There are 2 protein chains.
Amino acid sequence: MSITDQKFDIDRESKTPLWLQIRNELYNCLYRDELRPGQLIPNEKTLVQLFDVSIGTIRKAVGVLEKEGFLIRKQGLGTFVFQHDKSSFLFEYFHFALNGSNEKQSPNVEFISFDTKKATKSEANEFGISAGSPVFQIYNKLGLNKKFYIIDKIVIPQSKFPGLTEEIFKGRGNTVYNLYQNKFNIFITNCSEKLKAISADEKISKLLNIPLNDPILKVDRVGQTYNNETIELRTSYVHTSDIDYIQSQNSTFGEAI
Amino acid sequence: MSITDQKFDIDRESKTPLWLQIRNELYNCLYRDELRPGQLIPNEKTLVQLFDVSIGTIRKAVGVLEKEGFLIRKQGLGTFVFQHDKSSFLFEYFHFALNGSNEKQSPNVEFISFDTKKATKSEANEFGISAGSPVFQIYNKLGLNKKFYIIDKIVIPQSKFPGLTEEIFKGRGNTVYNLYQNKFNIFITNCSEKLKAISADEKISKLLNIPLNDPILKVDRVGQTYNNETIELRTSYVHTSDIDYIQSQNSTFGEAI
DNA sequence: TATATTATATCATATATATGAATTTTCATT
DNA sequence: AATGAAAATTCATATATATGATATAATATA
C-alpha cells in the first residue's frame, strides 16, 4: 500500500501531540516498508493534506525523524529515506582511525570465510530463535593503509536471509548493511557495542599475524532493526598497536552547527 | 554584565539565519559566564524583547542549545543552564556496566594520590602551554559493587586551577567536572575518547591487584571547554574481565521519543 | 545544438497568534 | 497552621501565512 493511498486517523483528543502521532505513523510506514530506502517521500504540502494538519506540525514530525536519522531533507529537492552506504557507514559505524589521527578513512575489506553453523545458546537467545537453528557465520579482515588490523566475525540467522550465499555476500559491492537493506529488506536502525580487552588466541593471532596473547580490543556489536529486533551479532577483534577506537561526544547529542 | 542589560545587534541582512545568530549570542553569554550553570535564563517573552524577533525564532534558538546540551527547558518552570552533577556524569561520561548488564550504576570513587609535576611534551602540546609547566596529576580508583576495576589518571594544568589542593579535591563532594565548574569556573563542553588494548604494567597490576600483563582497556579522554580549549587529559585503565565499556547508538544522534 | 533565462517545486526561515499543560505562588478558608 | 482553590508564570503545541533559498525543469535565444 502506498503512503498516499491510506487514511491516517490522527486523534486530536489524544494526549500525544499531533506531531508525535504523525512521526509515529511515518515511522510505521518505514517499518512496513511503504517508504523504502532512498525513496522520495511526499512533499510537505501533500503531507499536510494527508494528515490534515498545518505545515508547522508536519515539519516538526519530519524534523524529528530527520534527527533520528531515518529521513534526510534536501532544500529544493525533497525529503528522502535514509539508506546505508559507504559514507554513512564510515560516519556512523566505523570507529577506527590511525594513531594520532582523528580523521577516519574508509577501511579496505577482505573476505575470509562464509559458513553455516548452528546457533549457540546465547546467539539463539539474542536472535529470538531456538538453539541450534542455522546461522551464517562470516569472517572478514579489515585494514587501513594496506595493513590489516581487524578481524570481523558476523553472525546472522539464516531464516532472515533466505538464499544468501557466499557468492552473493562477496559480490555485494557495498557495505554489509547495504546488502541487508537492498537484497533482504532489512534495515539496521540502531547498534549497541560492548568493548573488552582480551588476549589474542591462536586463531586471531594467526589471522592478524601477531604474537599469541597480544592484547586485543574486542568489540561486540548488536545490530537491530525496527522494534529492537536483533539482526546481526558482530564481533571485531582489533589489534590496537597502530589504530585507535575513537569516540567523540558533545555535551549531548547535539546537531552540528 | 547581565544578559538583560546588553544590546544585541542581530543582522537581519545577514545570510546567517536569525535563530542561529541568537543561538550564537546566547552561546557567547554562556562562554562569557554571563549565564552560569544552574541559572534560570530569561523567559521567552523577555528574549523576544531582547532580540526583537518572534517567539518562534527564540524557541528555535533555545531548542538547538537544548539539544546541544547547554540548556534545559522545563515546562511551567523556565529554562536553565546545564550543570554537571552525578546523574549527568553517569548519563554522559561514564561508559561502564557490569558484564551482561546494560544498566549503568554510579561508580564508587576512591582517592589514590595528588601530585604536582612538570608537563610532558605531549601534555604541554595538548594544553597549549610550554613544556615543563606545572600540572596536577591525580589518581583515583573506580569500582562497582565494592570491587575496583578502573584506575583514573587525571592531568590538568596548574595555571587553570589556581589554588587547587589535595584537600579541595578530596572534599569536592561531587563529580570532578562539577568541581571544575563550581570552584574554577571551567565548564567541560565536550570530550573525545580513544581506546586501546594494552598489557597491565607493574603499576596498574598492583593498583588493581591483577596479574602483570593482563589485558587492559586504556581509554584516553580529552576534555575541552568552549572554543575547544583542552582542560583535562584523563586516562582510564580498565580491567574488563567483569565490566564492559558500553556504547549505544541510534541510527544517528536522535532525540529520545 | 548549446547556452542563458525563466518558471516551478520543495524545503527553510520568520512572523503573529491562540490555546493548552505544568509548575509555583498567592490567598482565602477552615 | 494547614489545606485547598484560584491565579500567575512559563514552556509546549498548533494554525495560518508570507517570503526566501536551492535545485531542477522548461523555455527562449543565439
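Order of the sequence lines fixes the chain letters, A, B, ..., with proteins taken first and strands second; residue numbering starts at 1 for each chain. Not measured: the values here are computed from a predicted model.
Separation of the A:F89 and A:F91 ring centroids does not fall under the 6.0 Å cut-off.
Comparing C:dA12, D:dA14, D:dT24 by their closest approach to the side chain of A:L77 singles out D:dT24.
One can place CG of A:D11 at 11 Å from P of D:dA14, the figure rounded to the nearest angstrom. One interatomic measurement links the two molecules: CG of A:N43 to C1' of C:dA12, which rounds to 14 Å at whole-angstrom precision. Rounding to whole angstrom units, CZ of residue A:R59 and C1' of D:dA21 are separated by 12 Å. C:dA12 atom P lies 10 Å from atom CD1 of A:I55, rounded to whole Å. A:I58 has its CD1 atom 14 Å from the C1' atom of D:dT13, to the nearest Å. Here C:dA14 presents its P atom at 8 Å from CZ of B:R12, a figure rounded to the nearest Å. Between the CD atom of A:E13 and the P atom of C:dA21 there is a distance of 11 Å, given to the nearest Å. In this structure, NZ of B:K45 is placed 17 Å from C1' of D:dA12, rounded to the nearest angstrom.
Taking the six-membered ring where the residue is Trp, B:F96 and B:Y245 present perpendicular rings, their angle passing 60° and hence far from 30°. The aromatic rings of A:Y177 and A:Y180 sit tilted relative to each other, their planes meeting at an angle between 30° and 60°.
Between A:S54 and B:G78, the one whose closest nucleotide on DNA chain D sits nearer the 5' end is B:G78. Judged by closest nucleotide on DNA chain D, B:K74 is the one of B:K74 and A:P17 placed further toward the 5' end. Taking for each of B:T16 and A:L40 the nucleotide of DNA chain C with the nearest heavy atom, the 5'-most of the two is the partner of A:L40.
OP1 or OP2 of C:dT13 has not a single side-chain nitrogen or oxygen of B:T57 nearer than 4.0 Å. Using a 4.0 Å cut-off, some side-chain N or O of B:T79 falls inside it from OP1 or OP2 of D:dC11.
Using modelled atom types and a 3.5 Å distance limit, the side chains of B:N174 and B:D85 yield no donor-acceptor pair. A donor atom on one side chain and an acceptor atom on the other are not found under 3.5 Å apart for A:N182 and A:R172.
Residue A:V53 is in sugar-phosphate contact alone, with no base atom involved, counting any heavy-atom pair closer than 4.0 Å across all strands shown.
Between the side chain of A:Q75 and the base of D:dA21, at least one donor-acceptor pair of N or O atoms lies under 3.5 Å.
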